[in-house]
Amino acid sequence: MRPRKNHLRKTHNVPSKRMDYILIGIIILVAAVLRLWKLGQVPFMHDEFSALLRTRFDNFHDFIQQGVMPDSHPIGVQLFLWGWVKLFGWSAFWVKLPFVLMGIASIYLIYLIGRQWFNRKVGLFSAAFFTVSQFTIFYSQLARPYSAGLFFVLLMAVFWHKVVFGTKTTTRDYIGFALSAWACSVIQYFSIAQAGLIFLTGLFFLPKERRKAYWLSGLAAVVLFAPTLPIFWQQLFVSGSIGGWLAAPKSTFLTDFIQYTMNYSMLFMFTVGIIIILPLILGKRTKQRQPLRWAGIAWFVIIFAIAFIYSLKREPIIQHSTLIFSYPFVIIVAFSMFGTRTLSPWQTALVVAAILFVGTASLVMERRYYDLMYHQGFDQIAAEMQQDKDQYGDKIQFATRTEIGEAAEFYQAKTDVDNRIIFNRIYNEEGDLVREAELGDFNRWLSEHHETPMLGFGWTDYVNPIWEATAVGNYPYLIEKKDWFTSRYLTLSKTPTEGGQYLLNDLSENPYAYQEGQEWGKGFTFACDSLPADIEALSVIAKIHNEVELYRCVAVIEVHDAATDSLILWHSSLPDDGHFMPGDHVVADAILFSDDFKPAGKYIKAYLWNQDKKPLVVTKLNYYYTTKSRVLTGLYEPLN
C-alpha cells in the first residue's frame, strides 16, 4: 500500500516560506534605510580621522611604518582605506559606504545563521533586532574595523556550519571558510579571537572524515596571515599595548552594554523580552540543537571574560565594540526557543513588525540617534563659528582645543572664518612638529588678543576642563552654549551683554598682594552644599596683575570633609602652565569629579601657589562649575 502524501503540510509550508522571504526582504530594506539615510551628512569621528590621517603616504613602506605599526589594529581595514581614499578622496559618503554595505550584509548573515542553527523564525527575529539596534547601526556608519570584522566573523560562521554540520560539503565551502577566517585575522584582534573560538569549537563536532580538510582550511588561513606577523608582533609585544586610553570597566559594564544594544529603551527591552519568552507562554518551546545553544553562549562569555579580566589586570581594552563579534550569537540563542510551528506566518510577521517598529521608534525618538550622530563636535564647532562670525564680525575671535588639529581644520577650513586658532600641536616654520600645545600657549594668545571683546571657544574629545575655565575667566559672560558628543562650543563676552549669563562665583571681594619672596597667600573656602548634585567639573579662577615675568604660578583646589576637616583631594595646575609675562592674566585650576562624587558634607579651599615667589596682585578669586551633560556621552550612555 502506497503511503499517503501530506498535502496539507506541503501547502502550509509554501506560503510560510514565501512570507519569510518577504519578511527578510523588508528587514534588509529597513536596515538599508536606517544606515544609508543621508550618509554623506554623517561627520567623521575622532577614530575615523585618526585612520584617515594615516593614509597620507605615497609609498607602501612609509604606510606600513607610520600608518599601520603605530595603530592598535591589524593591517586589513587600514590597507583598504589607503587604497580607497586614493580613488574616492575624503568624501564622507564614499569613505563610509563600504562599511555600511557590510553592515547591511551582516543583517542577512545573521538571518542565515539563525536559519542554519535553528529555523527561519529565529533568523528573522535576530535579524530584525540587529536591524534597529543602535549598536550595529552606529558601528556600520564608522569607517573602522568593526563593521568589516562583524561581516567576516558572521561569514565564517556560515561556512563553519556548512563544513561541520552540513550533510554535504564542497571545496567552495572550505575555501570560503579559510578566506573568511583569514579576513577576520587581519581586521581586529577580537575578530581574530572570535575566529579562533569558532575554529576550535568545530573540533568537538566535526565528523572524522572531514578533519583533514578542516585542518587544511585552518592552516591556509594561518599561512595567509603570516605576512602580517611582524605587525602583530610590533603592536602586541614591542609597543606592548592595544589599548590603555580607556577607563577601567565598571562592575555594571555587562548590564549597561545589554541596555545599550536595546537603545536604553524600557519599551524595546520589554518587547524583546516578551518575544523571547513567548514560546514558553504558548507552551511551544523547541528543544533542538542544544550544542549550538551552548556554543553561542560560550563564545560570548569567553570573549567578554578575556576582555574584562585583561582590562582589570593589565590595561583597559573593553568597550562596546569589543563584543560586536560575539553578541549576535547570544541574541540568536535567545530567540532559539521558537520552533518552525510556534507561530503562524502572519503571527511571525506581526512579531517582526513589532521589533522593527518599537526599535526604530526608540532609536529615533528616545535615543535621538540621527540628531546626535549627524551633529558632532568637529563639524558643528565650525558651523557655530561661521554663524558667530556672520553675526558679530570683527568683534569676536575663535579658538579650539582638540586632540586632532587636522580634524578641526578639515571642517573649519570650509568656512570663511579667518581670525581663529586651533590648539593641538606647535609646528615650526618648516612644518616640523615641535611639541604638543599647552595651556600657556592659550594664555599667551589670549593676552595678545585681549582687546577683542568676544570669544568663540570650542573643545572636542573631553579636553582638560582647565581650558574652558581659562576661556571663561577671560570672557565671563555666556551668550550661548552648545553641546555635542564629547564636544562643546561657547560664545563668550568680556562685558555684560543683553541675554548674557555671568558664569563666575565670587570668592574674594578685595584685591590682595604677594610680596617678593612670598610663596603662599590667603586661602578662601566655600561649602560644597551650594553646588548641584550633578556637578561634573569645578574650576578656581584667579585674576592677577604682575609687573614682572612669573614662573610656576598656579592655582590650587583642596576638597575637605566638613565633619572631620580631613583632606580628600589636593589638585593644582601644572607648573609649566604658570608662566605669565607682565600684564593682566587668569590663573586657573580645574578638577573633574567622578560619577560617585557627592558634594554634601564637603568644602572647597582655593588659593594661589606662587612657587617662584615673585610679586603679584590677585585682583579677584572666583570659582566656576559645570554640570553633567547627557549629550556629551549620549551616543554611548542614556540620555535620561
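Keep in mind that this is a model prediction, so the values were computed, not measured.
Residues Phe325 and Ile303 are not in side-chain contact: their nearest non-hydrogen atoms beyond the backbone lie 4.5 Å or more apart. At a threshold of 4.5 Å between non-hydrogen side-chain atoms, the residues Val352 and Phe125 count as touching. Contact of the Phe151 side chain with the Leu101 side chain is not registered, since no non-hydrogen atoms from C-beta on lie closer than 4.5 Å. Thr261 is not listed as a side-chain neighbour of Ile331, based on a closest heavy-atom distance of 4.5 Å or more. Residues Arg144 and His73 form a side-chain contact, since some pair of their non-hydrogen atoms from C-beta on lies under 4.5 Å apart.
Distance alone, capped at 3.5 Å, is enough to place a donor-acceptor pair between the Asp379 side chain and the Gln376 backbone. Judged purely by atom type and a 3.5 angstrom limit, Ser133 has no side-chain atom pairing as donor or acceptor with the backbone of Phe130. A donor-acceptor pair under 3.5 Å links the side-chain atoms of Thr201 to the main chain of Leu197, judged by distance alone. Between the Gln141 side chain and the Lys96 main chain, no donor and acceptor come within less than 3.5 Å of each other. Remark: side-chain polar atoms of Ser311 are paired, donor with acceptor, to backbone N or O of Ile317 under 3.5 angstrom.
When the options Leu224, Thr228, Ile192, Val77 are evaluated for a side-chain contact (heavy atoms from CB on, under 4.5 Å) with Val186, the one that passes is Thr228. For the pairing with Trp160, the ring pair (Phe, Tyr, Trp, His ring centres under 6.0 Å) check across Phe165, Phe199, Phe152 returns one residue only, Phe165.
In this structure, Arg630 does not pair ionically with Asp483, as no charged nitrogen and carboxylate oxygen lie closer than 4.0 Å. Under the 4.0 Å criterion applied to side-chain N and carboxylate O atoms, Asp256 and Lys250 are not assigned as salt-bridge partners.
Of the N and O atoms on the side chains of Asp47 and Ser50, not one donor lies less than 3.5 Å from an acceptor on the other residue. Side-chain contact, Thr460 with Ser487: no donor N or O sits under 3.5 Å from an acceptor N or O. When only modelled atom types and interatomic distance are considered, Tyr411 and Gln380 share no side-chain donor-acceptor pair under 3.5 Å.
Distance OG/Ser126 to CZ/Phe118: 9.0 Å, rounded to 0.5 Å. Gln66 CD to Arg56 CZ: the interatomic distance, rounded to the nearest 0.5 Å, is 11.0 Å. Between the OG1 atom in Thr322 and the CZ atom in Phe253 there is a gap of 6.5 Å [rounded to 0.5 Å]. One distance of note links CZ of Phe129 with CD1 of Ile276; it measures 8.0 Å at 0.5 Å rounding.
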Ring pair (Phe, Tyr, Trp, His ring centres under 6.0 Å) for Phe177 and Phe159? Distances and angles first, verdict last.
CA-CA 5 Å; Phe177 179 59; Phe159 284 115; 8.0 Å; no

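Using the six-membered ring where Trp is involved, Phe138 and Tyr636 have ring planes that are perpendicular, over 60° apart on the 30 and 60° scheme. Relative orientation of the Phe304 and Phe300 rings is parallel, given thresholds of 30° and 60° on the angle between their planes. Note: Tyr108 and Tyr111 have tilted aromatic rings, judged against thresholds of 30 and 60 degrees for the angle between ring planes. Between Phe257 and Phe135, the ring planes lie perpendicular to each other; the angle is over 60°, past the 30° to 60° tilted range.
Around the CH2 atom of Trp299, the shell of radius 6.0 Å holds more than 12 heavy atoms that belong to other residues, nucleotides or ligands. A 6.0 Å sphere centred on CH2 of Trp84 holds more than 12 heavy atoms belonging to other residues, nucleotides or ligands. No more than 12 heavy atoms of other residues, nucleotides or ligands sit less than 6.0 Å from atom CZ of Phe270. Within 6.0 Å of atom CH2 in Trp90, more than 12 heavy atoms from other residues, nucleotides or ligands are found, so the atom counts as buried in its surroundings. Phe357 CZ: 12 or fewer foreign heavy atoms inside a 6.0 Å radius. With a 6.0 Å radius and a threshold of 12 heavy atoms from other residues, nucleotides or ligands, Asn59 has its CG atom above the threshold.
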